[in-house]
Amino acid sequence: MPVYWTGTRVHRVPLPAGFTGGEVAAVNAKGLMVGSLHSAGRTAAFSFRIGARAVTLLPEGAHAADVNDRGLIVGDAVKSGALIGLEWDGARIVRRLVPPAGYSLTAVTALNNAGQIAGSGEAVKDEESWSAGLFWPARSGAAAVPLQRFWPAGVPYDFWYPRDIDRAGRIVGTHDYTRLDTLTPTQWLPPYKNESEPGLLGERTSGTFEAISPTTNVSVGTASDSHMVGPFPPETAPPEQAQIWPGTGPLLALPRLSPEGASQAYAVSDDQRVGGSAADAASTPRAVVWTCALRQAYRP
(Lines give C-alpha, C1' and ligand atoms only; values in the text may rest on other atoms or scores of the structure.)
Protein backbone atom coordinates (compact mmCIF):
# COMPACT_ATOMS: atom_id res chain seq x y z
CA MET A 1 0.00 0.00 0.00
CA PRO A 2 1.26 3.55 -0.70
CA VAL A 3 1.84 5.34 2.62
CA TYR A 4 3.64 8.31 4.16
CA TRP A 5 4.65 9.30 7.68
CA THR A 6 4.29 12.47 9.72
CA GLY A 7 6.63 11.93 12.64
CA THR A 8 6.01 8.32 13.63
CA ARG A 9 2.39 8.27 12.47
CA VAL A 10 1.67 6.39 9.22
CA HIS A 11 -1.00 7.50 6.73
CA ARG A 12 -2.44 5.76 3.70
CA VAL A 13 -2.55 7.40 0.30
CA PRO A 14 -6.13 7.01 -1.01
CA LEU A 15 -6.41 4.45 -3.81
CA PRO A 16 -8.59 5.23 -6.85
CA ALA A 17 -11.25 2.72 -7.80
CA GLY A 18 -9.82 -0.35 -9.48
CA PHE A 19 -6.36 -0.15 -7.90
CA THR A 20 -5.27 -2.56 -5.17
CA GLY A 21 -1.83 -1.29 -4.10
CA GLY A 22 1.21 0.79 -4.90
CA GLU A 23 4.11 2.72 -3.42
CA VAL A 24 5.29 6.26 -2.77
CA ALA A 25 8.66 6.66 -4.48
CA ALA A 26 9.62 10.25 -3.59
CA VAL A 27 8.45 13.43 -1.87
CA ASN A 28 9.66 17.02 -2.33
CA ALA A 29 10.26 19.76 0.25
CA LYS A 30 6.70 21.02 -0.19
CA GLY A 31 5.04 17.69 0.54
CA LEU A 32 4.20 16.67 -3.03
CA MET A 33 4.52 12.87 -3.30
CA VAL A 34 4.81 10.72 -6.40
CA GLY A 35 4.78 7.01 -7.01
CA SER A 36 3.01 4.13 -8.71
CA LEU A 37 -0.31 2.34 -8.35
CA HIS A 38 -1.10 -1.16 -9.53
CA SER A 39 -3.98 -3.51 -10.14
CA ALA A 40 -4.28 -6.74 -12.10
CA GLY A 41 -2.43 -6.12 -15.34
CA ARG A 42 -2.15 -2.34 -14.93
CA THR A 43 0.19 0.23 -13.38
CA ALA A 44 -0.23 4.01 -13.21
CA ALA A 45 1.93 6.96 -12.13
CA PHE A 46 0.41 9.33 -9.57
CA SER A 47 1.05 12.45 -7.52
CA PHE A 48 -0.53 13.28 -4.16
CA ARG A 49 -0.40 16.18 -1.73
CA ILE A 50 -1.26 15.94 1.98
CA GLY A 51 -4.83 17.07 2.51
CA ALA A 52 -6.02 16.16 -0.97
CA ARG A 53 -9.02 13.85 -1.22
CA ALA A 54 -7.61 11.85 -4.14
CA VAL A 55 -4.43 11.19 -6.05
CA THR A 56 -3.75 12.74 -9.45
CA LEU A 57 -3.07 10.19 -12.18
CA LEU A 58 -0.27 11.35 -14.47
CA PRO A 59 -1.12 11.04 -18.19
CA GLU A 60 0.40 8.03 -19.95
CA GLY A 61 2.53 7.22 -16.89
CA ALA A 62 3.22 3.75 -15.53
CA HIS A 63 5.69 4.77 -12.79
CA ALA A 64 6.73 8.09 -11.23
CA ALA A 65 10.26 7.93 -9.84
CA ASP A 66 11.11 11.41 -8.50
CA VAL A 67 9.81 14.95 -7.94
CA ASN A 68 11.76 18.17 -7.40
CA ASP A 69 10.86 21.23 -5.34
CA ARG A 70 9.56 23.02 -8.46
CA GLY A 71 6.94 20.29 -8.86
CA LEU A 72 8.50 18.65 -11.90
CA ILE A 73 8.08 14.86 -11.94
CA VAL A 74 9.93 12.16 -13.89
CA GLY A 75 8.98 8.58 -14.59
CA ASP A 76 8.19 6.18 -17.37
CA ALA A 77 5.53 4.53 -19.49
CA VAL A 78 5.41 1.55 -21.81
CA LYS A 79 4.47 2.08 -25.45
CA SER A 80 4.49 -0.66 -28.08
CA GLY A 81 6.49 -2.84 -25.71
CA ALA A 82 9.27 -0.25 -25.20
CA LEU A 83 9.99 1.87 -22.13
CA ILE A 84 9.71 5.64 -22.66
CA GLY A 85 10.74 8.37 -20.22
CA LEU A 86 8.39 11.21 -19.30
CA GLU A 87 8.62 14.51 -17.43
CA TRP A 88 5.47 16.11 -16.04
CA ASP A 89 4.72 19.58 -14.73
CA GLY A 90 1.71 19.01 -12.53
CA ALA A 91 -0.49 16.71 -14.60
CA ARG A 92 0.88 17.85 -17.96
CA ILE A 93 3.57 16.09 -19.99
CA VAL A 94 6.30 18.65 -20.75
CA ARG A 95 9.06 16.42 -22.06
CA ARG A 96 9.67 12.99 -23.50
CA LEU A 97 13.05 11.69 -22.36
CA VAL A 98 14.67 10.34 -25.49
CA PRO A 99 17.81 8.18 -24.91
CA PRO A 100 21.00 8.78 -26.91
CA ALA A 101 21.13 7.48 -30.47
CA GLY A 102 21.57 3.70 -30.47
CA TYR A 103 20.25 3.27 -26.92
CA SER A 104 17.00 2.01 -25.51
CA LEU A 105 15.77 3.22 -22.15
CA THR A 106 15.87 0.88 -19.14
CA ALA A 107 15.07 3.32 -16.29
CA VAL A 108 14.43 6.95 -15.33
CA THR A 109 15.41 7.32 -11.70
CA ALA A 110 16.17 10.84 -10.48
CA LEU A 111 15.60 14.58 -10.95
CA ASN A 112 17.24 17.55 -9.20
CA ASN A 113 15.99 21.10 -8.59
CA ALA A 114 17.95 22.32 -11.61
CA GLY A 115 15.84 20.03 -13.80
CA GLN A 116 18.68 17.61 -14.62
CA ILE A 117 17.66 13.95 -14.91
CA ALA A 118 19.45 10.62 -14.48
CA GLY A 119 18.57 7.13 -15.65
CA SER A 120 20.01 4.16 -17.50
CA GLY A 121 19.93 2.57 -20.93
CA GLU A 122 21.16 -0.29 -23.05
CA ALA A 123 22.75 -0.25 -26.49
CA VAL A 124 22.81 -3.11 -28.97
CA LYS A 125 25.01 -3.41 -32.06
CA ASP A 126 25.09 -6.61 -34.10
CA GLU A 127 25.33 -9.31 -31.42
CA GLU A 128 26.90 -7.07 -28.78
CA SER A 129 25.13 -5.10 -26.08
CA TRP A 130 26.19 -2.89 -23.21
CA SER A 131 24.73 -0.85 -20.36
CA ALA A 132 25.31 2.80 -19.49
CA GLY A 133 24.04 5.41 -17.09
CA LEU A 134 22.24 8.30 -18.83
CA PHE A 135 22.01 12.04 -18.14
CA TRP A 136 19.54 14.56 -19.56
CA PRO A 137 20.43 18.29 -19.26
CA ALA A 138 17.76 20.57 -17.84
CA ARG A 139 16.88 22.46 -21.01
CA SER A 140 14.03 21.06 -23.04
CA GLY A 141 15.12 19.31 -26.21
CA ALA A 142 18.73 18.82 -25.05
CA ALA A 143 20.12 15.44 -26.04
CA ALA A 144 20.83 12.79 -23.43
CA VAL A 145 24.42 11.66 -22.95
CA PRO A 146 25.82 8.33 -21.69
CA LEU A 147 27.70 8.47 -18.40
CA GLN A 148 31.27 7.20 -18.79
CA ARG A 149 32.58 4.57 -18.29
CA PHE A 150 30.69 1.99 -20.29
CA TRP A 151 31.82 -0.97 -22.34
CA PRO A 152 30.69 -0.51 -25.94
CA ALA A 153 32.15 -3.76 -27.28
CA GLY A 154 32.88 -7.30 -26.22
CA VAL A 155 31.09 -9.45 -23.67
CA PRO A 156 28.95 -7.30 -21.35
CA TYR A 157 29.54 -7.95 -17.66
CA ASP A 158 29.14 -4.35 -16.45
CA PHE A 159 25.77 -2.78 -15.66
CA TRP A 160 25.35 0.79 -14.40
CA TYR A 161 22.44 1.98 -12.28
CA PRO A 162 22.36 5.71 -11.45
CA ARG A 163 19.96 6.23 -8.54
CA ASP A 164 20.03 9.91 -7.49
CA ILE A 165 21.33 13.35 -8.53
CA ASP A 166 22.03 16.38 -6.31
CA ARG A 167 21.67 20.09 -7.08
CA ALA A 168 25.27 20.31 -8.34
CA GLY A 169 24.69 17.46 -10.81
CA ARG A 170 26.58 14.83 -8.81
CA ILE A 171 25.07 11.43 -9.59
CA VAL A 172 25.30 8.35 -7.37
CA GLY A 173 24.37 4.77 -8.09
CA THR A 174 25.75 1.27 -8.40
CA HIS A 175 28.09 -0.63 -10.70
CA ASP A 176 27.01 -4.27 -11.06
CA TYR A 177 29.87 -6.49 -12.26
CA THR A 178 27.88 -9.62 -13.00
CA ARG A 179 30.88 -11.84 -13.70
CA LEU A 180 31.85 -11.75 -10.01
CA ASP A 181 28.42 -10.91 -8.57
CA THR A 182 29.77 -7.67 -7.07
CA LEU A 183 27.97 -4.37 -6.55
CA THR A 184 30.07 -1.24 -6.05
CA PRO A 185 28.90 2.22 -4.88
CA THR A 186 29.58 4.67 -7.72
CA GLN A 187 29.61 8.44 -8.26
CA TRP A 188 29.63 10.43 -11.52
CA LEU A 189 30.70 14.09 -11.47
CA PRO A 190 30.12 16.65 -14.25
CA PRO A 191 31.12 16.53 -17.11
CA TYR A 192 30.57 12.76 -16.62
CA LYS A 193 33.69 11.59 -18.44
CA ASN A 194 34.40 8.88 -15.87
CA GLU A 195 33.00 7.35 -12.73
CA SER A 196 34.62 7.05 -9.30
CA GLU A 197 34.14 4.26 -6.80
CA PRO A 198 34.88 5.23 -3.18
CA GLY A 199 35.32 1.63 -2.07
CA LEU A 200 33.37 -0.75 0.12
CA LEU A 201 32.40 -0.84 3.78
CA GLY A 202 35.14 -2.48 5.84
CA GLU A 203 35.64 -6.05 4.63
CA ARG A 204 32.30 -6.27 2.79
CA THR A 205 32.54 -7.32 -0.85
CA SER A 206 29.49 -5.52 -2.29
CA GLY A 207 27.48 -2.37 -1.76
CA THR A 208 25.21 0.24 -3.31
CA PHE A 209 24.52 3.95 -3.36
CA GLU A 210 20.80 4.74 -3.35
CA ALA A 211 20.68 8.47 -2.62
CA ILE A 212 22.69 11.68 -2.24
CA SER A 213 21.77 14.71 -0.12
CA PRO A 214 20.59 17.79 -2.07
CA THR A 215 23.64 20.02 -1.40
CA THR A 216 26.09 18.44 1.11
CA ASN A 217 27.47 15.51 -0.95
CA VAL A 218 26.50 12.85 1.60
CA SER A 219 25.58 9.51 0.02
CA VAL A 220 23.85 6.46 1.49
CA GLY A 221 23.17 2.89 0.45
CA THR A 222 23.53 -0.68 1.63
CA ALA A 223 26.56 -2.93 2.22
CA SER A 224 26.36 -6.65 1.43
CA ASP A 225 28.55 -9.47 0.13
CA SER A 226 29.16 -11.30 -3.15
CA HIS A 227 28.38 -15.00 -3.36
CA MET A 228 31.39 -15.41 -5.67
CA VAL A 229 34.01 -13.23 -3.96
CA GLY A 230 33.17 -14.28 -0.44
CA PRO A 231 33.16 -14.70 2.46
CA PHE A 232 33.01 -18.48 2.32
CA PRO A 233 30.85 -20.27 3.08
CA PRO A 234 28.35 -17.56 2.03
CA GLU A 235 26.11 -18.10 5.04
CA THR A 236 28.87 -16.72 7.27
CA ALA A 237 28.39 -13.26 5.76
CA PRO A 238 26.78 -10.75 8.11
CA PRO A 239 23.34 -9.32 7.26
CA GLU A 240 23.07 -6.32 4.97
CA GLN A 241 23.84 -3.02 6.66
CA ALA A 242 22.98 0.60 5.91
CA GLN A 243 26.04 2.66 5.01
CA ILE A 244 26.88 6.34 4.61
CA TRP A 245 29.67 8.25 2.84
CA PRO A 246 30.49 11.89 3.69
CA GLY A 247 32.01 12.52 0.24
CA THR A 248 35.62 11.79 1.20
CA GLY A 249 37.38 9.03 3.10
CA PRO A 250 36.03 5.56 3.84
CA LEU A 251 32.44 4.41 3.86
CA LEU A 252 30.88 4.21 7.33
CA ALA A 253 28.30 1.87 8.85
CA LEU A 254 25.04 3.05 10.40
CA PRO A 255 23.93 1.30 13.63
CA ARG A 256 21.56 -1.65 13.33
CA LEU A 257 18.21 -1.72 15.09
CA SER A 258 19.17 -5.13 16.52
CA PRO A 259 22.62 -6.81 16.58
CA GLU A 260 21.79 -9.38 13.87
CA GLY A 261 19.14 -7.41 12.01
CA ALA A 262 19.58 -6.41 8.38
CA SER A 263 19.28 -2.73 7.47
CA GLN A 264 19.15 -0.63 4.30
CA ALA A 265 19.36 3.11 3.56
CA TYR A 266 17.39 4.74 0.73
CA ALA A 267 17.28 8.52 1.35
CA VAL A 268 19.36 11.28 2.97
CA SER A 269 18.72 14.95 3.73
CA ASP A 270 21.09 17.90 4.12
CA ASP A 271 20.63 17.78 7.90
CA GLN A 272 21.91 14.18 7.99
CA ARG A 273 18.62 12.38 8.42
CA VAL A 274 18.76 9.01 6.67
CA GLY A 275 15.62 7.08 5.80
CA GLY A 276 15.55 3.34 5.38
CA SER A 277 14.58 -0.01 6.80
CA ALA A 278 15.93 -2.06 9.69
CA ALA A 279 14.95 -5.38 11.25
CA ASP A 280 14.17 -5.44 14.97
CA ALA A 281 14.97 -8.19 17.48
CA ALA A 282 12.04 -10.24 16.17
CA SER A 283 13.42 -9.98 12.61
CA THR A 284 10.53 -7.71 11.60
CA PRO A 285 11.51 -4.98 9.11
CA ARG A 286 10.71 -1.46 10.33
CA ALA A 287 10.73 1.86 8.53
CA VAL A 288 13.39 3.92 10.32
CA VAL A 289 15.15 7.29 10.33
CA TRP A 290 18.70 7.79 11.54
CA THR A 291 19.11 11.35 12.87
CA CYS A 292 22.51 13.09 12.96
CA ALA A 293 23.61 10.10 10.91
CA LEU A 294 27.29 10.96 10.52
CA ARG A 295 27.60 11.34 14.31
CA GLN A 296 26.24 7.80 14.70
CA ALA A 297 28.28 6.29 11.86
CA TYR A 298 31.36 4.20 12.54
CA ARG A 299 34.11 2.23 10.82
CA PRO A 300 33.39 -1.50 11.24
Side-chain angles (χ1 to χ4, degrees), residues 1-13 21-28 31 33-38 46 48 50 63-67 107 109-110 161-164 166 172-174 176 181-186 200-202 204-214 218-227 234-235 237-246 251-300:
M1 303 295 294
V3 300
Y4 63 94
W5 283 261
T6 53
T8 59
R9 184 181 175 190
V10 65
H11 311 265
R12 289 190 177 190
V13 173
E23 67 173 359
V24 176
V27 59
N28 71 7
M33 303 168 220
V34 300
S36 306
L37 303 173
H38 58 75
F46 77 90
F48 177 74
I50 295 176
H63 306 92
D66 204 3
V67 56
T109 51
Y161 300 106
R163 295 295 300 164
D164 201 9
D166 75 359
V172 297
T174 302
D176 182 0
D181 182 37
T182 57
L183 304 174
T184 307
T186 303
L200 297 167
L201 178 67
R204 305 304 293 259
T205 56
S206 273
T208 69
F209 275 159
E210 303 293 342
I212 186 170
S213 59
V218 176
S219 302
V220 298
T222 301
S224 58
D225 285 289
S226 163
H227 290 294
E235 57 267 23
E240 291 184 332
Q241 185 164 14
Q243 62 184 7
I244 187 169
W245 185 54
L251 274 73
L252 304 172
L254 289 171
R256 300 181 185 275
L257 196 57
S258 63
E260 299 301 322
S263 61
Q264 303 84 27
Y266 297 111
V268 57
S269 65
D270 281 342
D271 63 358
Q272 295 183 29
R273 285 175 296 157
V274 175
S277 176
D280 62 17
S283 299
T284 302
R286 302 288 187 180
V288 296
V289 175
W290 289 266
T291 57
C292 303
L294 284 174
R295 293 176 61 184
Q296 297 189 54
Y298 62 94
R299 295 185 67 171

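This chain uses plain numbering: 1 for the first residue, then up along the sequence.
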For [X], side-chain hydrogen bond (donor to acceptor under 3.5 Å, both in side chains) partners two or more places apart:
X: T208; result: E210
X: S213; result: T216
X: E240; result: Q264

**Message:** Applying ring-ring contact (aromatic ring centres under 6.0 Å, His included), can you list everything that pairs with H11, at least two apart in sequence or on another chain?
**Reply:** Y4

**Message:** Going by the rule ring-ring contact (aromatic ring centres under 6.0 Å, His included), which residues pair with W245 if we only count those two or more places apart in sequence or in a different chain?
**Reply:** F209

Can a donor-acceptor pair be found, under 3.5 Å and without considering hydrogens, that links the side chain of [X] to the backbone of [Y]?
X: R204; Y: P238; result: yes
X: Q296; Y: L254; result: no
X: E23; Y: S36; result: no

Give the minimum heavy-atom separation between [X] and [Y], together with the two atoms involved.
X: W290; Y: A242; result: CH2-CB, 3.7 Å
X: R256; Y: P239; result: NH2-O, 3.0 Å
X: Q243; Y: A223; result: OE1-CB, 3.3 Å
X: W5; Y: A287; result: CZ2-CB, 3.7 Å
X: A26; Y: A65; result: CB-O, 3.7 Å
X: L252; Y: A297; result: CB-CB, 3.7 Å

Side chain to side chain contact (heavy atoms under 4.5 Å, CB included) against [X], all qualifying residues, sequence neighbours excluded:
X: S258; answer: A281
X: S269; answer: D271, R273
X: A107; answer: T109, S120
X: S226; answer: D181, T182, T205, S206, M228, V229

**Request:** Provide the full list of salt bridge (charged side-chain N to carboxylate O under 4.0 Å, His left out) pairs with a residue in residues 284-300, sequence neighbours left out, each pair given once.
**Result:** D280-R286

**Request:** Would you please name every residue forming a salt bridge (charged side-chain N to carboxylate O under 4.0 Å, His left out) with D164, sequence neighbours left out?
**Result:** none

**Request:** Taking salt bridge (charged side-chain N to carboxylate O under 4.0 Å, His left out) as the test, write out the residues that go with D270, two or more places apart.
**Result:** none

**Asked** In this structure, which one of V67, V24, N28 forms a side chain to side chain contact (heavy atoms under 4.5 Å, CB included) with M33?
**Response** V24

**Asked** In a check of side chain to side chain contact (heavy atoms under 4.5 Å, CB included) between L183 and each of L200, T222, T174, which one passes?
**Response** T174

**Request:** Please examine the side chains of P2 and L37, heavy atoms only from C-beta on, and report whether any two atoms are closer than 4.5 Å.
**Result:** yes

